Novice: 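There's a structure below that I have some questions on.
These numbers come from a predicted model, not from an experiment.
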Amino acid sequence: MIYVSATNRKLTEKYVDWAVQGLPDAKKLEPTEIVNKTDCTKAVIFGVLRGTHLVYKWAERNKIDFYYMDRPYWGETRNAPFYTRIVKNNHLKSWQENRPDDRFKKSFPWPINPWKKKGKNIIVCPPTNAIQEFFGVHDWLNSTIEILKANTDRPIIVKNKGYNPIIGFDKNGGYMVTGKDNTKPSGPIDWDNAYAIVTFNSNITLEATTRGVPCFTDNHNACAPISETDFSKIETPKYLDREPLYHSMAYGQFTAEEMGNGTAFKILDETDRFPTAEERWPRTGVVANG
């Protein structure tokens with residue numbers, strides 16, 4: 001049986017409803033109901049809040065295939081065509097497949113600029129409160145700054161995300177928003193003077209790589225295949241071919257129509273099981289609490 005986890009949020013419930021349409025015999029239930037099922041063959045989850053992360057972790061522990069849905073790598077998500085990233089058995093697509101360029105050409109919104117090999121500032125983008133909790137990387141920022149300072153004299157600028165709610169737990173152990181982080185947003189990135197982006201799994205890496213700014217990321221990042229994951233190598237960035245990765249990413253996000261008619265899930269099921277980030281990109285021991 002395929003179970004789709006309700007989000008109980010008006011802005012996101014339509015996405016799981018489209019998934020129900022596209023998966024024959026799928027049934028939508030509350031997260032706390034799904035984790036007590038013994039006949040689940042696949043699960044569908046949108047985001048990690050309001051109990052959905054319980055389904056994610058439960059599916060992982062029990063080796064049940066799941067589709068994780070969230071905001072896309074690029075494209076319009078709140079209005080038509082409602083692009084949504086969908087990943088099989090992972091939080092995001094952190095590996096590169098050999099895919100054609102058709103979907104990329106249809107939707108990719110930015111030019112791909114030549115790699116920049118100048119710049120002075122290292123821009124550090126720490127994980128949000130929800131991601132820190134989900135991946136257990138509460139000390140990521142301190143650890144990362146320590147590694148960078150030990151390996152470079154370049155200026156380090158920390159850029160906080162504008163929307164970063166405080167995360168607590170409901171009575172069932174599900175994540176819930178308990179307050180607003182009062183940390184002041186740090187403003188736009190000075191791309192002209194950026195030497196590199198350093199981040200955990202932020203999608204800022206996509207914009208950075210299209211602008212030609214190299215990235216240093218955790219393995220849980222969509223741009224990990226073209227980034228350096230050893231932060232101690234901050235003075236030797238990778239400058240790899242980017243477009244094949246973007247082709248692969250385009251095969252990991254889908255429109256409302258593709259979700260509703262099942263096309264999205266057929267594409268994702270072309271392999272029996274997509275690898276996890278750890279399987280594709282063995283850790284180098286450079287990020288905290290990983």
Novice: What is the minimum heavy-atom distance between Arg50 and Thr7, and which atoms define it?
Specialist: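 Heavy atoms of Arg50 and Thr7 come nearest at CD-O, 3.3 Å.
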
Novice: Does the Lys NZ or Arg CZ of Lys117 fall within the cation-pi geometry relative to Tyr195 - under 6.0 Å from the ring centre and within 45° of the axis?
Specialist: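 Judged by the rule (NZ or CZ under 6.0 Å from the ring centre, within 45° of its axis), Lys117 is not positioned above Tyr195.
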
Novice: Set out, in order, the CA-CA distance, both residues' side-chain angles and the distance that settles side chain to side chain donor-acceptor pair (under 3.5 Å) for Ser227 and Lys238, then state yes or no.
Specialist: CA-CA 6 Å; Ser227 301; Lys238 289 183 177 180; over 6 Å; no

Novice: Ignoring hydrogens and geometry, is there a side-chain-to-backbone donor-acceptor pair from Glu228 to Asp230 under 3.5 Å?
Specialist: yes

Novice: Would you please test Asn113 and Thr210 for side chain to side chain contact (heavy atoms under 4.5 Å, CB included) and show each step?
Specialist: CA-CA 6 Å; Asn113 295 294; Thr210 62; 5.7 Å; no

Novice: Over all heavy atoms of both residues, which pair between Ser5 and Thr52 is shortest? Give the atoms and the distance, please.
Specialist: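 Residues Ser5 and Thr52, closest heavy atoms: OG-CG2, 3.6 Å.
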
Novice: Under the 3.5 angstrom rule, does the side chain of Ser202 hit a backbone N or O of Thr199 as a donor-acceptor pair?
Specialist: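 No; judged by distance alone, with no hydrogens or angles, the pair does not exist.
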
Novice: Asn89 vs Tyr68, test: side chain to side chain donor-acceptor pair (under 3.5 Å). Steps then yes/no.
Specialist: CA-CA 7 Å; Asn89 298 331; Tyr68 178 81; over 6 Å; no

Novice: Let me check something: do Ile204 and Phe216 share a hydrophobic cluster, defined by ILVMFWY side-chain heavy atoms less than 4.5 Å apart, either directly or through other members?
Specialist: no

Novice: Are Val177 and Ile131 linked, directly or through other ILVMFWY residues, by side chains that come within less than 4.5 angstrom of each other?
Specialist: yes

Novice: Between Arg211 and Glu207, is the salt bridge (Lys or Arg N to Asp or Glu O under 4.0 Å) condition met? List the steps.
Specialist: CA-CA 6 Å; Arg211 288 177 176 269; Glu207 181 179 358; 3.0 Å; yes

Novice: Classify the side-chain pair Gln132/Asp139 by whether it contains a donor and acceptor separated by less than 3.5 Å.
Specialist: no

Novice: List the atom of Ile123, the atom of Ala194, and the distance in Å for their closest heavy-atom pair.
Specialist: CG1-CB, 4.3 Å

Novice: Distance check, rounded to the nearest 0.5 Å: His220 atom NE2 versus Asn201 atom CG?
Specialist: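 Rounded to the nearest 0.5 Å, the NE2-CG separation comes to 8.0 Å.
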
Novice: Whether Arg242 engages the ring of Trp115 as a cation-pi pair (distance to the six-membered ring centre under 6.0 angstrom, angle to the ring normal within 45°) should be assessed.
Specialist: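 Yes, Arg242 sits over the ring of Trp115.
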
Novice: Would you please say whether a donor-acceptor pair under 3.5 Å links the side chains of Tyr67 and Asn90?
Specialist: no

Novice: What heavy-atom pair brings Trp58 and Val35 nearest, and what distance separates the two atoms?
Specialist: NE1-O, 3.1 Å

Novice: Under 4.0 Å between a Lys/Arg side-chain N and an Asp/Glu carboxylate O for Lys266 and Glu270?
Specialist: no

Novice: Would Ile64 and Thr41 count as a side chain to side chain contact (heavy atoms under 4.5 Å, CB included) if you check the C-alpha gap in whole Å, the side-chain angles of each, and the deciding distance to 0.1 Å?
Specialist: CA-CA 6 Å; Ile64 296 169; Thr41 55; over 6 Å; no

Novice: Determine the interplanar angle of the Phe82 and Trp18 rings, folded into 0 to 90°, and report it as parallel if under 30°, tilted if 30 to 60°, perpendicular if over 60°.
Specialist: tilted

Novice: Side chains of Arg71 and Tyr15: donor-acceptor distance under 3.5 Å anywhere?
Specialist: yes

Novice: Checking side chain to side chain contact (heavy atoms under 4.5 Å, CB included) against Pro81, which of Glu258, Glu257, Glu76 comes through?
Specialist: Glu76

Novice: Go through the side-chain N and O atoms of Glu235 and Thr152 and say whether any donor and acceptor fall under 3.5 Å apart.
Specialist: yes

Novice: Under the rule for side chain to side chain contact (heavy atoms under 4.5 Å, CB included), what residues qualify as partners of Asp153, not counting sequence neighbours?
Specialist: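 In terms of side chain to side chain contact (heavy atoms under 4.5 Å, CB included), with neighbours along the sequence ignored, Asp153 is linked to no residue.
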
Novice: Do you reckon Ile167 sits in the same ILVMFWY cluster as Phe200, going by side-chain contacts under 4.5 Å, direct or chained?
Specialist: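 Yes; Phe200 is reachable from Ile167 via cluster members.
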
Novice: Please confirm whether the backbone N or O of Asp192 pairs with a side-chain atom of Lys116, one donor and one acceptor, at under 3.5 Å?
Specialist: yes

Novice: Nearest 0.5 Å, please: how far is CG in Asn221 from CG in Leu206?
Specialist: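 Rounded to the nearest 0.5 Å, the CG-CG separation comes out at 9.5 Å.
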
Novice: My understanding is that only one of Phe66, Phe46, Phe135 makes a ring-ring contact (aromatic ring centres under 6.0 Å, His included) with Tyr56; could you say which?
Specialist: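 That would be Phe66.
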
Novice: Taking the side chain as every heavy atom from C-beta outward, state whether Lys159 and Cys125 have any pair of such atoms under 4.5 Å apart.
Specialist: yes

Novice: Any idea which heavy atoms bring Arg154 and Lys120 closest together, and the distance?
Specialist: CB-O, 3.4 Å

Novice: Taking the six-membered ring for Trp, is the centroid-to-centroid distance between Phe169 and Tyr175 below 6.0 Å?
Specialist: yes

Novice: Phe231 and Val124: side chain to side chain contact (heavy atoms under 4.5 Å, CB included), yes or no, with the steps?
Specialist: CA-CA 11 Å; Phe231 295 176; Val124 178; over 6 Å; no

Novice: Verify whether the ring centers belonging to Phe108 and Trp74 lie closer than 6.0 Å.
Specialist: yes

Novice: Between atom CH2 of Trp140 and atom CG of Asn142, what is the distance when rounded to the nearest 0.5 Å?
Specialist: 10.5 Å

Novice: So that I can tick it off, tell me whether Lys28 and Glu13 are bridged by a salt bridge, with the cut-off set at under 4.0 angstrom between side-chain N and carboxylate O.
Specialist: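 Answer for the salt bridge query: yes.
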
Novice: Assess whether side chain to side chain contact (heavy atoms under 4.5 Å, CB included) is satisfied between Asn203 and Tyr73, documenting all intermediate values.
Specialist: CA-CA 7 Å; Asn203 200 46; Tyr73 306 111; 3.9 Å; yes

Novice: Over all heavy atoms of both residues, which pair between Asp70 and Gly47 is shortest? Give the atoms and the distance, please.
Specialist: OD2-CA, 3.8 Å

Novice: State which residue, out of Val44, Val4, Ile45, Thr12, fulfils the side chain to side chain contact (heavy atoms under 4.5 Å, CB included) condition with Met69.
Specialist: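 Testing each of Val44, Val4, Ile45, Thr12 against Met69, the sole residue satisfying side chain to side chain contact (heavy atoms under 4.5 Å, CB included) is Val44.
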
Novice: About how many Å separate CG of Asp102 and OG of Ser107, when rounded to the nearest 0.5 Å?
Specialist: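 That separation rounds to 9.5 Å.
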
Novice: As an exercise, state the distance from CG of Leu245 to CZ of Arg99, rounded to the nearest 0.5 Å.
Specialist: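 Rounded to the nearest 0.5 Å, the CG-CZ separation comes out at 13.0 Å.
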
Novice: State, yes or no, whether a side-chain contact exists between Thr217 and Val198 at a heavy-atom distance under 4.5 Å.
Specialist: no

Novice: Tell me, yes or no, whether the heavy-atom count around Lys149 atom NZ, taken from other residues, nucleotides or ligands under 6.0 Å, exceeds 12.
Specialist: no

Novice: Apply side chain to side chain donor-acceptor pair (under 3.5 Å) to Glu133 and His53, showing your working.
Specialist: CA-CA 11 Å; Glu133 192 67 46; His53 98 279; over 6 Å; no

Novice: Can you measure from NE2 (His247) to CD (Glu97) and round to the nearest 0.5 angstrom?
Specialist: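 The NE2 atom of His247 sits 13.0 Å away from the CD atom of Glu97.
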
Novice: Among the clusters formed by ILVMFWY side chains lying less than 4.5 Å apart, do Ile226 and Trp191 turn up in the same one?
Specialist: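 Ile226 does not cluster with Trp191.
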
